[in-house]
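First comes the structure, then the notes that go with it.
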Amino acid sequence: MASLKAKKPHVLAVPFPAQGHVTPLIKLSRRIADCGIKVTFVNTHNIHSKILESTSVLPENQVHNTGNIVLTSIPDGLSPEHDRNNVLEFIESLRGAMADSLMDLIGRINRENTEEPISCIIADITVGWVLEIAEKMGLEPVVFTPASAAGLAMVLHIPKLVEGGNLDVNGRLFPLHFFILEFELNILKISFTSGTVVGKPETISLSSDIPAWGKDELSWTFPVDLGMQKILFECSLDALKTGNQAKLILCNTFYDLESTACDLNSRLLPIGPLLNPDNSKSSSNYSGSFLTQDESCLDWLNSKPAASVIYVSFGSIAVFSQQQLDELALGLELSGRPFLWIVRSNLANGECAKYPNGFLERIGGGIGKIVEWAPQEKVLSHSSVACFLTHCGWNSTMEGVSMGVPFLCWPYFADQFHNQNYVCDKWKIGLRICADENGIRSRYEIKNKIQMVTADDDLRRNALQIKELALKSNGSEEGSSFKNFQRFVDHL
Ligand code: UDP
């Protein structure tokens, strides 16, 4: 007789192999696991080893199996020593290698664990082909997007832009056109105004309530490398396909922050801001960081006065010319403020950064602290931090918003430009650091903007108000994201 015992849910989480995609999905997985649901988190071998190396303080068994989360890995199709900086080759290889390995993995898990077979796959929107496996194997497919709801809305609008003849095959807006897309409730009402409009800004607007996208601010924009832009546009086309197929899209945002963009998509479930759960209350306790988080910066922050420190971080991907890094170093120094600066070992266009003459000696007295990687959420929530000089990656944006710090924006690529527009124009919690005619952010611009942001009470007040909304949305049972997440867990 078949067992009448109900099988327990078991989620398989599959991120895109990049820090900004793994981190929020790990946070989501920890929350799911804390509700007593088993999660198997699948990284590529390469990323898996990075995470294990960076969390080596944990005992071996705790690293692989923390509470209800099991960390496992599959090949990405490239040998360990292969250069993964060739993004096109990497993505092609992933596509080819992941599907079979994932199916084998699911088969093995289900044979070994008949009481808790995999019942649901949560796949990052950029690895949409994983959903085909879910369909083949009769598993519930769920999509996760680590970007904003507005970013998703923009990607879902690519067909309208192409149809209107407004984008070329590389995802570039045809010059001197501007468009207005309007929405009414969830029904798309599009009015294109296109043509040669001399002197008008080239923008795309989805609603008067969402900041417009300038022509160099699209979700796939990569100003320093048009080849990369083309690849990102192709990735956006994949995300478009996945976004259209998905029945449910979990998004790291909250309704009060992006209500209009959330309303544009009835299949979107805002469950953010996704933050690390309190380790003392969570059944698992690792961050999914690829680099070791240097906790020494927290002691350094303890030694600084309240609201005095500029925290400077550009996430895991952005790189700069040596000239630009020199200007940044000198601008921070000129500001006269203490600063904590994240300098990854490849920040100078893939190389180690060199500092201006005498810079390290001058800041050695304690005015500046440089580390390769920090526990960012803990830094942002530290009372000594005055503002966040950031590239506006969506994770960093959500973390900064949740901690109530004013922003200084310095976007590098893709959705970071639109996130900047949200920060500066819609939420009014930050200022732009602007490039000069040579594309350089000068030391004087950096110094001036630091002075302006730290002197601006309105920015700080607005930031604290949004922090309250963020706290409310996920921190209380009445919060919109809290309820959405609960609905999702009940559904599982
Ligand atoms: N991060 C971190 N330590 C650092 C810098 C960044 O833990 O020193 C984390 C940060 O908290 C965020 C992620 O790395 O969760 C970066 O994601 P984001 O979307 O901001 O930028 P990306 O790296 O994708 O450009």
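In each ligand, atom 1 is the first atom listed, and ligand 1 is the first ligand listed.
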Checklist outcome for this item: Interatomic distance, CG@L408 vs CZ@R432, rounded to 0.5 Å, equals 12.0 Å

Checklist outcome for this item: Closest to atom 9 (C) of ligand 1 among protein heavy atoms sits W373 CZ2, 3.8 Å

Checklist entry - Considering residues, nucleotides and ligands other than Q245, do more than 12 of their heavy atoms fall under 6.0 Å from its CD? => result yes

Checklist entry - So, is E377 polar-close to ligand 1, with some N/O to N/O distance under 3.5 Å? => result no

Checklist entry - Is there any N or O on S289 that sits under 3.5 Å from an N or O of ligand 1? => result no

Item to check | Identified side-chain contact (heavy atoms from CB on, under 4.5 Å) partner of Y311 from the options L389, T390, V385, L301 | outcome: V385

Item to check | Shortest non-hydrogen contact between S54 and L291, atoms and distance | outcome: CB-C, 3.4 Å

Next on the checklist: Using a 3.5 Å cut-off on N or O atoms only, is H391 in polar contact with ligand 1?
Outcome noted: yes

Checklist entry - With a cut-off of 4.0 Å, which atoms of ligand 1 are near a heavy atom of W394? => result 19 (O)

Checklist entry - Parallel, tilted or perpendicular: which describes the rings of F488 and F485, with under 30° parallel and over 60° perpendicular? => result tilted

Item to check | Ligand-residue contact atoms, ligand 1 with Q293, heavy atoms, under 4.0 Å | outcome: 7 (O)

Checklist entry - So which of K378, E399, Q19 gets nearest to atom 10 (C) of ligand 1, if we judge by its closest heavy atom? => result E399

Checklist entry - Can I158 and F233 be said to form a side-chain contact (heavy atoms from CB on, under 4.5 Å), step by step? => result CA-CA 10 Å; I158 294 174; F233 184 54; 4.0 Å; yes

Checklist entry - Quick one: nearest non-hydrogen protein atom to atom 19 (O) of ligand 1, plus distance? => result N395 ND2, 2.8 Å

Checklist entry - For ligand 1, which atoms have a heavy atom of I342 less than 4.0 angstrom away? => result 8 (O)

Item to check | Passing option when D76 is tested against R84, R95, H82 for side chain to side chain donor-acceptor pair (under 3.5 Å) | outcome: R84

Checklist entry - Tell me, which protein residue and heavy-atom name are nearest atom 23 (O) of ligand 1, and how many Å apart are they? => result S316 OG, 2.5 Å

Checklist entry - What part of S313, side chain from CB on, backbone N/CA/C/O, both or neither, has a heavy atom under 4.0 Å from ligand 1? => result side chain

Item to check | Aromatic contact, F314 with F320 (centres under 6.0 Å) | outcome: yes

Checklist entry - Are the ring centres of W410 and H391 closer than 6.0 Å? => result no

Next on the checklist: Run the side-chain contact (heavy atoms from CB on, under 4.5 Å) test on S321 and N349 for me, step by step, so that the C-alpha distance in whole Å, both residues' side-chain angles and the decisive distance to 0.1 Å come before the verdict.
Outcome noted: CA-CA 6 Å; S321 66; N349 271 336; 4.2 Å; yes

Checklist outcome for this item: Atoms of ligand 1 under 4.0 Å from any heavy atom of T23, numbered from 1 in the order shown, are 15 (O)

Checklist outcome for this item: atom 20 (O) of ligand 1 has as its nearest protein heavy atom S396 OG, 2.5 Å

Item to check | Per atom 3 (N) of ligand 1, closest listed option by heavy atom (G288, S287, A374) | outcome: A374

Next on the checklist: Under 4.0 Å from a heavy atom of G20: which atoms of ligand 1 are those, numbered in the order shown and with their elements?
Outcome noted: 17 (O), 24 (O)

Checklist outcome for this item: Within 4.0 Å of some non-hydrogen atom of G315, the atoms of ligand 1 are 23 (O)

